[in-house]
Amino acid sequence: MQKQLGKEDVNLIVCHIGNGASVTAVKDGKCIDTSMGFTPNAGLMMGTRCGDIDATILPFIQKKTGYTPEEINRILNFESGLEGIAGMNDLRDLDRAYEAKERKALLAVSMYTERIMEYIAKYYVKLDGKVDAICFTAGGGENDPIIRKETLKKLAPLGIILDEDLNEEMLTRNKKEGIITKPESKIPVYVLATDEELIIARDTYKIKIGGE
Ligand code: AMP
């Protein structure tokens, strides 16, 4: 993103929408907050993880069902999220069901994008409204125009104006990445390919070798 924006000290909101999913706030080029928490289950609704829920649901389920903590943990991590609501955890399947207007898929997309919107709005405030760009990345963020469009529609009060043609065009599976908003959009939104392996390798090198 620094390359695209032509500066190092960027303020960004990064939406990593893969099997696991998170939103990150970046201030002056550094991460200052992320939606994940004690475990990756915090924050966004995901393929099979529920994300943020009312903690009191846990003793409620335990009392109702008699499930052990291990069983409840399995359900929260492997049978919740899109899987729990729509019965499918891959966004490609969900999109097909959404386009066929299946009720559970419509609900799942609405819930899923609502949560992304909430984190973007929260980080917009946390960054004092000084956001150079919003970035969608990872499997779904890079390749799912429906999720991007439904999320950005909910962010219209921030003056974000999607270019629907660019949104359909920017798919990293077709080797296309770049801006998906109109020039008059108050915040530009980009689609960029993630490279987690490279970042992990760089960080590991820094820790092991102690170099910068
Ligand atoms: P990741 O964890 O980054 O590898 O992302 C994997 C997820 O990206 C899959 O489970 C899908 O939900 C999503 N994904 C991958 N390809 C596509 C696509 N062509 N359209 C929509 N979603 C996709």
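One-based numbering, in listed order, for ligands and for the atoms of each. Just so it is clear, the structure is predicted and the values come from calculations on it, not from any experiment. If you read the sequence from its start, that first residue is 1, and numbering goes on from there.
Closest to atom 19 (N) of ligand 1 by heavy atom, among Met46, Glu142, Met88, Arg173, is Arg173.
Remark: ligand 1 and Leu91 share an N or O pair separated by less than 3.5 Å (distance only, no angle test). Considering backbone and side-chain N/O of Asp95, none are found under 3.5 Å from N/O of ligand 1. Of the polar atoms of Glu196, none of the N or O atoms is found under 3.5 Å from an N or O of ligand 1, judged by distance alone.
In summary, Glu79 and Arg74 engage in a salt bridge, as defined by a charged side-chain N under 4.0 Å from a carboxylate O. Comment: Arg92 engages Asp90 in a salt bridge, judged by a side-chain N to carboxylate O separation of less than 4.0 angstrom.
Scanning the protein for heavy atoms near atom 9 (C) of ligand 1, the closest one is Arg92 NH2, 3.8 Å. Here the protein heavy atom with the shortest distance to atom 11 (C) of ligand 1 is Asp90 OD1, 3.3 Å. In this structure, atom 3 (O) of ligand 1 lies nearest to the protein heavy atom Gly139 N, 2.9 Å. Nearest protein neighbour of atom 20 (N) of ligand 1, counting heavy atoms only, is Asn143 O, 3.2 Å.
Side-chain contact of Thr56 with Asp54: a donor-acceptor pair under 3.5 Å is present, judged by distance alone. Side-chain polar atoms of Arg148 and Asn167 form a donor-acceptor pair below 3.5 angstrom. Under the 3.5 Å distance criterion, with hydrogens and angles disregarded, no donor-acceptor pair is assigned to the side chains of Thr113 and Glu150. No hydrogens or angles considered: nothing links the side chains of Tyr67 and Asn73 as a donor-acceptor pair under 3.5 Å.
Counting the atoms of ligand 1 from 1 in the order shown, those under 4.0 Å from a heavy atom of Ala138 are 3 (O). Residue contact check: Asn19 has heavy atoms under 4.0 Å from atoms 1 (P), 2 (O), 5 (O), 6 (C), 7 (C), 10 (O) of ligand 1. Below 4.0 Å from some heavy atom of Gly18 lie the following atoms of ligand 1, by number and element: 1 (P), 2 (O), 3 (O), 5 (O).
For the pair Lys7/Asp132, a side-chain contact is recorded, criterion being any heavy-atom separation below 4.5 Å from C-beta on.
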Are Ile180 and Leu152 close enough, and set up right, to give a side-chain contact (heavy atoms from CB on, under 4.5 Å), and what steps lead you there? CA-CA 11 Å; Ile180 58 169; Leu152 294 174; 4.0 Å; yes

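Remark: distances from the non-hydrogen atoms of Gly140 to ligand 1 include one below 4.0 Å.
Taken to the nearest 0.5 Å, the NZ atom of Lys186 stands 13.0 Å off from the OG1 atom of Thr181.
Per-atom contact check: atom 16 (N) of ligand 1 touches the protein, criterion being a heavy-atom distance below 4.0 Å.
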